[in-house]
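Predicted model only: the values in this text are computed from it and were never measured.
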Amino acid sequence: RVATEFFNTIHAPAVAHRATFEVVVLERGRTAAEAVADLAQAALRAARIYVSDRRAEFDAAADRWAVTFSAAVFVNS
């Protein structure tokens, strides 16, 4: 979880919130990392959680490819 944003009204505090989080997939190759990230993104979409940003990065220290994506979910309290 990267952030939580609370939505207040004049009638009640915290009537809803939006949670923003990042998912990171690590694999030895970029193709494998992208394939696993596609599966993770499909699972989030099935749960009605939509990805807002996706990027691939190489972690030289770990010798791994990472696919990182950001997502947010809106929750009524």
Exercise for the section: Report the C-alpha separation of V75 and R18 in whole Å, then their side-chain angles, then the decisive distance to 0.1 Å, and conclude whether the side-chain contact (heavy atoms from CB on, under 4.5 Å) test is met. Expected result: CA-CA 6 Å; V75 179; R18 178 179 28 233; over 6 Å; no

Practice task
Begin from the C-alpha positions of R28 and R64 and carry the test side-chain contact (heavy atoms from CB on, under 4.5 Å) through to its verdict.
Solution key: CA-CA 5 Å; R28 288 198 180 273; R64 298 275 192 270; 2.8 Å; yes

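Linking ILVMFWY side-chain heavy atoms closer than 4.5 Å, directly or via other members, places V2 and L26 in two distinct hydrophobic clusters. Placement of V51 and V73 within a single hydrophobic cluster is found when ILVMFWY residues are connected by side-chain heavy-atom separations under 4.5 Å, directly or transitively.
Contact annotation: the side chain of V24 never approaches that of F69 to less than 4.5 Å [non-hydrogen atoms, C-beta and beyond]. Looking only at side-chain heavy atoms (C-beta outward), F21 and L44 come within less than 4.5 Å of each other.
Summarising the geometry, atom NE2 belonging to H17 is positioned 9.5 Å from atom CG belonging to N76; distances are rounded to the nearest 0.5 Å.
When every heavy atom of A72 is checked against every heavy atom of I49, the shortest pair comes out as O-CG2, 3.9 Å. The two atoms that bring R45 and Y50 nearest to each other are CG-CE2, 3.9 Å, heavy atoms only. What you find for V25 and A33 is that their closest heavy atoms are CG1-O, 3.7 Å. Summarising the geometry of A56 relative to E34, their closest heavy-atom pair is CB-OE2, 3.6 Å, with the distance given to 0.1 Å. Nearest heavy-atom pair, R30 versus W65, reported as atom, atom and distance to 0.1 Å: N-CD1, 3.3 Å.
Applying the salt bridge (Lys or Arg N to Asp or Glu O under 4.0 Å) test to pairs two or more places apart or on separate chains, none has a residue in residues 65-77. The salt bridge (Lys or Arg N to Asp or Glu O under 4.0 Å) pairs that include a residue from residues 35-44 are D38-R54, where partners are two or more places apart or lie in different chains.
N8 places a side-chain N or O within donor-acceptor distance of the main-chain N or O of A14, the cut-off being under 3.5 Å.
Residues satisfying the side-chain contact (heavy atoms from CB on, under 4.5 Å) test with R55, not counting sequence neighbours, are E22, D53, E57, T68, S70.
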